[in-house]
Amino acid sequence: ELKVEQNPLFLSMQEGKNYTIYCNYSTTSDRLYWYRQDPGKSLESLFVLLSNGAVKQEGRLMASLDTKARLSTLHITAAVHDLSATYFCAVDSTGAGSYQLTFGKGTKLSVIP
Amino acid sequence: SQTIHQWPATLVQPVGSPLSLECTVEGTSNPNLYWYRQAAGRGLQLLFYSVGIGQISSEVPQNLSASRPQDRQFILSSKKLLLSDSGFYLCAWSKGNTIYFGEGSWLTVV
């Protein structure tokens with residue numbers, strides 16, 4: 001059974017600071033996804049990482065994937081209040097792009113002014 | 001452009017009552033369709049997925065069922081709801097390397 005673990009589950013950080021969210025998974029996969037969820041809302045796709053060493057950046061967020069270590073990171077640079085949300089990583093357990101995703105429990109990020 | 005519609009957005013149902021959540025996709029053909037559930041304070045769990053009309057795969061044993069009567073229609077049902085069925089239900093579709101989530105349905109079983 002595929003397990004996806006995120007840490008930390010809760011993160012409170014000041015504006016302007018940097019931090020990293022970690023996502024570990026238990027079985028071989030080269031497809032990892034990051035999503036953002038605002039309270040009461042659906043999921044917004046942030047990054048799709050499809051190969052070992054993949055790195056993608058969008059604004060203050062950067063995601064990377066190390067398939068050998070079964071680890072993905074979501075790095076936040078100079079946080080701003082608008083980044084407050086819950087962030088999920090998800091792994092495609094079939095490895096075939098069929099989106100049978102296994103999600104982590106999420107990291108609730110609060111950026112304090 | 002492709003769109004996904006999911007309804008109702010919110011519902012409160014008594015224990016033992018039936019459930020029907022509907023999802024339709026527009027602007028594409030033969031998509032893979034999915035139902036996910038998010039229980040309070042938890043991540044999302046895949047419930048069902050479908051690769052074609054009448055083809056349903058279940059990931060988790062439960063008192064829920066899914067049907068795909070048309071190519072772009074996916075329905076989540078229950079004959080008798082349990083308290084543990086409360087949560088946020090998300091329909092999604094995918095084609096190629098992209099998955100799109102609907103706006104979600106909040107279900108509270110009382």
Side-chain angles (χ1 to χ4, degrees), chain A residues 1-10 21-26 29-51 54 56 65 72 74 85-110, chain B residues 2-11 21 23 25 28 30-52 55-61 66 68 74 86-108:
Chain A
E1 178 188 354
L2 172 61
K3 293 185 179 179
V4 180
E5 295 185 354
Q6 280 181 246
N7 70 84
L9 297 182
F10 298 93
I21 299 171
Y22 297 89
C23 176
N24 291 90
Y25 54 97
S26 63
S29 176
D30 58 0
R31 295 176 178 270
L32 191 135
Y33 310 89
W34 284 96
Y35 294 94
R36 168 180 172 148
Q37 185 180 38
D38 292 300
K41 301 295 185 181
S42 186
L43 299 181
E44 174 189 354
S45 178
L46 295 176
F47 299 107
V48 179
L49 303 171
L50 300 177
S51 62
K56 291 193 175 180
L65 177 62
S72 180
L74 181 66
T86 299
Y87 293 84
F88 292 95
C89 64
V91 178
D92 183 349
S93 58
T94 64
S98 65
Y99 287 94
Q100 297 169 45
L101 301 177
T102 300
F103 282 80
K105 292 185 177 180
T107 297
K108 185 174 182 179
L109 171 65
S110 298
Chain B
Q2 301 92 350
T3 56
I4 178 169
H5 302 283
Q6 184 180 340
W7 69 93
T10 306
L11 67 165
L21 299 179
C23 173
V25 179
T28 188
N30 196 31
N32 289 344
L33 296 173
Y34 310 83
W35 280 109
Y36 283 88
R37 177 173 64 194
Q38 184 178 29
R42 301 183 65 179
L44 278 78
Q45 181 183 40
L46 177 64
L47 301 177
F48 301 96
Y49 69 94
S50 171
V51 298
Q55 300 178 60
I56 310 294
S57 296
S58 174
E59 291 294 303
V60 180
R68 184 171 178 173
F74 206 23
S86 294
F88 188 45
Y89 289 81
L90 282 164
C91 179
W93 73 275
S94 73
K95 201 164 189 180
N97 282 328
T98 310
I99 183 171
Y100 303 91
F101 286 89
E103 292 301 311
S105 297
W106 284 100
L107 170 64
T108 302

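Chain letters run A, B, ... following the sequence lines, proteins first and then strands; every chain starts at 1.
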message: Taking atom NZ as the centre, does Lys95(B) end up with more than 12 heavy-atom neighbours from other residues, nucleotides or ligands that are less than 6.0 angstrom away?
response: yes

query: Quick one: does Ser42(A)'s side chain have a donor or acceptor within less than 3.5 Å of a partner on Gly102(B)'s backbone?
result: yes

- prompt: Do other residues, nucleotides or ligands put more than 12 heavy atoms under 6.0 Å from Glu5(A) CD?
  reply: no

- line: In short, Tyr35(A) meets Ile99(B) closest at the heavy-atom pair OH-CG2, 3.0 Å

- prompt: Leu50(A) versus chain B, heavy atoms under 4.5 Å apart: side chain, backbone, both or neither?
  reply: side chain

statement: Rounded to the nearest 0.5 Å, the CG atom of Leu43(A) sits from the CD atom of Gln38(B) at a distance of 7.0 Å

message: So does Leu101(A) get a backbone contact from the side chain of Tyr36(B), meaning a donor-acceptor N/O pair under 3.5 Å?
response: yes

- request: Could you list the residues that satisfy side chain to side chain contact (heavy atoms under 4.5 Å, CB included) with Ala66(B), not counting sequence neighbours?
  value: Trp35(B), Phe48(B), Ile56(B), Phe74(B)

field: Interface moiety of Leu90(B) toward chain A, non-hydrogen atoms closer than 4.5 Å
entry: side chain

- prompt: Would you say Gln37(A) and Phe101(B) make side-chain contact, with heavy atoms under 4.5 Å?
  reply: no

- request: Identify, with sequence neighbours excluded, every residue that meets side chain to side chain donor-acceptor pair (under 3.5 Å) alongside Asn30(B).
  value: none

